[in-house]
Amino acid sequence: MSTVNAYGASGATEPLAPRRIERREVGPTDVEIEIRFCGICHSDIHFTRGEWVEIPYPAGPGHEIAGVVASVGSEVAGFAPGDRVGVGCMVDSCRECENCRNGEEQYCIPGNTQTYGSVDRDGTVTKGGYSTRVVVDQDFVVRIPDGLELDVAAPLLCAGITTYSPLRHWGAGPGKQVAVVGLGGLGHMAVKLAKAMGAEVTVLSQTLNKKEDGLRLGADGYCATSDKQTFKTLRGRFDLIVNTVSAALPMGRFLGLVKTDGAFVNVGAPPEPLSVPVFSLLAQRRSLAGSGIGSIRETQEMLDFCAEHGIAAEFEKIDASQINEAWERVLSSDVRYRFVIDSSTL
Ligand code: NAP
Ligand code: ZN
Ligand code: ZN
């Protein structure tokens with residue numbers, strides 16, 4: 001066991017503060033990672049504030065981890081000290097269920113082990129990546145390609161894979177009209193990835209404040225959802241809508257934008273339920289779906305795709321002392337487009 005620096009909260013309404021946490025001994029199949037950067041995901045806030053479920057405190061988040069291998073267990077052949085690596089939202093799964101056997105461990109049927117707030121194999125609760133070191137089983141560590149700096153790679157480990165996976169699954173590509181709702185951490189990655197896949201991309205943001213950014217990131221169109229005209233003009237336009245919004249939307253209006261046989265895919269995870277008028281689904285045989293992160297294999301594929309296409313997250317690098325302020329800015333949609341913690345300041 002080793003004790004390392006971290007940030008966490010002592011209660012749902014408490015600010016994050018420095019803390020010391022324990023990491024397990026490096027087991028035979030483990031990789032010990034010196035964390036260099038960790039992105040701030042909106043899920044960190046939902047989780048730590050107990051918005052999804054009640055959680056025990058103290059609790060610490062962080063699942064966009066990029067760093068360098070410090071040491072490896074005796075049975076680890078694929079990683080060596082000095083390797084540039086990443087860890088995303090999960091650190092283990094049952095490995096036996098149908099989905100695990102099919103390489104979709106993100107949908108592990110008994111539930112995967114999340115990077116924070118899950119009970120790990122040794123019975124301890126996982127403590128997240130707002131920290132200087134972490135020990136993770138080799139099968140849940142990905143390799144960061146040479147073409148990607150560690151700081152830009154960090155947000156790819158959640159925001160990148162969470163948008164890449166549904167874009168691939170629902171066939172974003174040439175000839176497809178894709179809309180991205182919400183231009184935050186996930187949204188800005190969705191725009192870049194969908195564009196690189198060859199789709200025509202429209203951003204649906206609350207206002208036009210970030211229009212210039214959206215177009216620069218690769219969007220072909222940019223519309224404000226505060227303008228009722230948007231919903232008339234774009235009615236039935238999209239093959240695929242990827243919704244990244246962290247709050248519940250008026251679903252009827254948004255579903256109306258989906259083409260016949262198209263899909264509205266929710267990756268946003270608001271704590272409150274969505275209210276869906278069924279007529280907006282059956283009218284055009286539309287699908288309403290959800291998607292959660294992506295598999296380890298797909299995460300590696302996404303990183304390689306980003307390196308190949310020169311896709312990086314846009315981020316503001318912050319010191320540990322700025323984490324609380326950064327959270328407030330995420331909550332007021334004032335993020336351009338991910339905060340990344342410099343772990344050396346922890
Ligand atoms: P984020 O950076 O805060 O982005 C969310 C964006 O949604 C905001 O920038 C804003 O964009 C828009 N928005 C926020 N509040 C809104 C409201 N009340 N009405 C309409 N639009 C609103 O958050 P994120 O880190 O990208 O995460 C987004 C959501 O995805 C969170 O709920 C998170 O928990 C979830 N998530 C899910 C998965 C998964 O596996 N499915 C993985 C990661 C995160 P505009 O300013 O452009 O309107
Ligand atoms: Zn996340
Ligand atoms: Zn499983």
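In this text the structure is predicted, and so the values were computed from the model without any measurement. Whatever order the structure lists ligands and atoms in, that order sets their numbers, starting from 1.
- Near Ile293, the atoms of ligand 1 lying under 4.0 angstrom from a non-hydrogen atom of the residue are 39 (C), 40 (O).
- Taking only nitrogen or oxygen atoms, main chain and side chain alike, Cys41 does not reach within less than 3.5 Å of ligand 1.
- Under the side-chain contact (heavy atoms from CB on, under 4.5 Å) test applied with Ile293, the options Met90, His63, Glu105 reduce to a single match, Met90.
- With 2.8 Å as the limit, His42 does not count as an N, O or S neighbour of the Zn ion (ligand 2).
- The side chain to side chain donor-acceptor pair (under 3.5 Å) test with Ser165 singles out one residue from Glu104, Glu298, Gln106, and that residue is Glu298.
- The backbone N or O of Ile33 sits nowhere less than 3.5 Å from a side-chain atom of Arg133 that would complete a donor-acceptor pair.
- Residue contact check for ligand 1: Gly268 places a non-hydrogen atom closer than 4.0 Å to it.
- Counting atoms of ligand 1 from 1 in the listed order, those under 4.0 Å from a heavy atom of Val330 are 3 (O).
- In terms of modelled atom types and a separation under 3.5 Å, the side chain of Arg336 and the main chain of Glu316 share no donor-acceptor contact.
- Nearest to atom 41 (N) of ligand 1 by heavy-atom distance, out of Ala248, Ala269, Ser291, is Ser291.
- In this structure, SG of Cys97 and SG of Cys94 enclose an angle of 110° at the Zn ion (ligand 3), rounded to 10°.
- In terms of protein heavy-atom proximity, atom 34 (O) of ligand 1 is closest to Ser43 OG, 2.7 Å.
- Considering only non-hydrogen protein atoms, atom 43 (C) of ligand 1 sits nearest to Cys158 SG, 3.2 Å.
- Annotation: atom 4 (O) of ligand 1 to nearest protein heavy atom, Gly184 CA, 3.4 Å.
- With no hydrogens or angles considered, a side-chain donor-acceptor pair links Asp122 and Thr124 at under 3.5 Å.
- Where the criterion is an N or O separation shorter than 3.5 Å, residue side chain and backbone included, Ile40 fails it with respect to ligand 1.
- The ligand atoms of ligand 1 that sit less than 4.0 angstrom from a heavy atom of Gly292 are 40 (O), 41 (N).
- Classification of the Phe264-Phe254 ring pair by plane angle, with boundaries at 30° and 60°, yields perpendicular.
- A donor-acceptor contact under 3.5 angstrom links the side chains of Asp44 and Tyr116, judged on distance only.
- Nearest to atom 11 (O) of ligand 1 by heavy-atom distance, out of Ile161, Leu183, Asp213, is Leu183.
- Between His188 and Tyr337, the ring-plane angle classifies as parallel under the 30° and 60° cut-offs.
- Between the side chains of Asp137 and Thr29, a donor-acceptor pair is found at a separation under 3.5 Å.
- When hydrogens are left out, the protein atom nearest atom 14 (C) of ligand 1 is Ser333 OG, 3.5 Å; that is the closest non-hydrogen contact.
- When the shell of 6.0 Å around NZ of Lys259 is examined, it contains more than 12 heavy atoms from other residues, nucleotides or ligands.
- Among protein heavy atoms, the minimum distance from atom 17 (C) of ligand 1 is reached at Gln206 OE1, 3.6 Å.
- Counting only N and O atoms by type, the side chains of Asp342 and Ser344 include a donor and acceptor under 3.5 Å apart.
- Looking at Leu186, Thr244, Val265, it is Thr244 that brings a heavy atom closest to atom 28 (C) of ligand 1.
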>> Could you walk me through whether Lys317 and Phe37 satisfy the side chain to side chain contact (heavy atoms under 4.5 Å, CB included) test, starting with their C-alpha distance in whole Å, then the side-chain angles of each, then the deciding distance to 0.1 Å, before giving a yes or no?
In response: CA-CA 9 Å; Lys317 197 177 291 182; Phe37 299 101; 3.8 Å; yes
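- When only non-hydrogen protein atoms are considered, atom 25 (O) of ligand 1 lies nearest to Arg338 NH1, 2.6 Å.
- Contacts between Trp52 and ligand 1 below 4.0 angstrom, taking non-hydrogen atoms only, involve the side chain exclusively.
- Close N/O approach between His42 and ligand 1 is found [any backbone or side-chain N/O within under 3.5 Å].
- Between the side chain of Thr244 and the main chain of Gly268, no donor-acceptor pair closer than 3.5 Å is present.
- Considering backbone and side-chain atoms together, Ala247 places no N or O closer than 3.5 Å to any N or O of ligand 1.
- Of all the atoms in ligand 1, the ones that sit under 4.0 Å from a non-hydrogen atom of Val335 are 2 (O).
- Atom 47 (O) of ligand 1 has its closest protein heavy atom at Ser205 OG, 2.5 Å.
- With hydrogens left out, the protein atom closest to atom 37 (C) of ligand 1 is Val267 O, 2.8 Å, a heavy atom.
- The option from Gly187, Gly185, Ala159, Gly294 that lies nearest to atom 2 (O) of ligand 1, judged by heavy atoms, is Gly185.
- Judged by distance alone, the side chains of Arg237 and Thr202 never bring a donor and an acceptor atom under 3.5 Å apart.
- Within the 2.8 Å limit, Cys158 places at least one N, O or S atom next to the Zn ion (ligand 2).
- At a cut-off of 3.5 Å, with distance as the only test, a side-chain donor of Gln300 or Asp304 sits close to an acceptor on the other residue.
- Between Lys210 and ligand 1, at least one N/O pair is under 3.5 Å apart.
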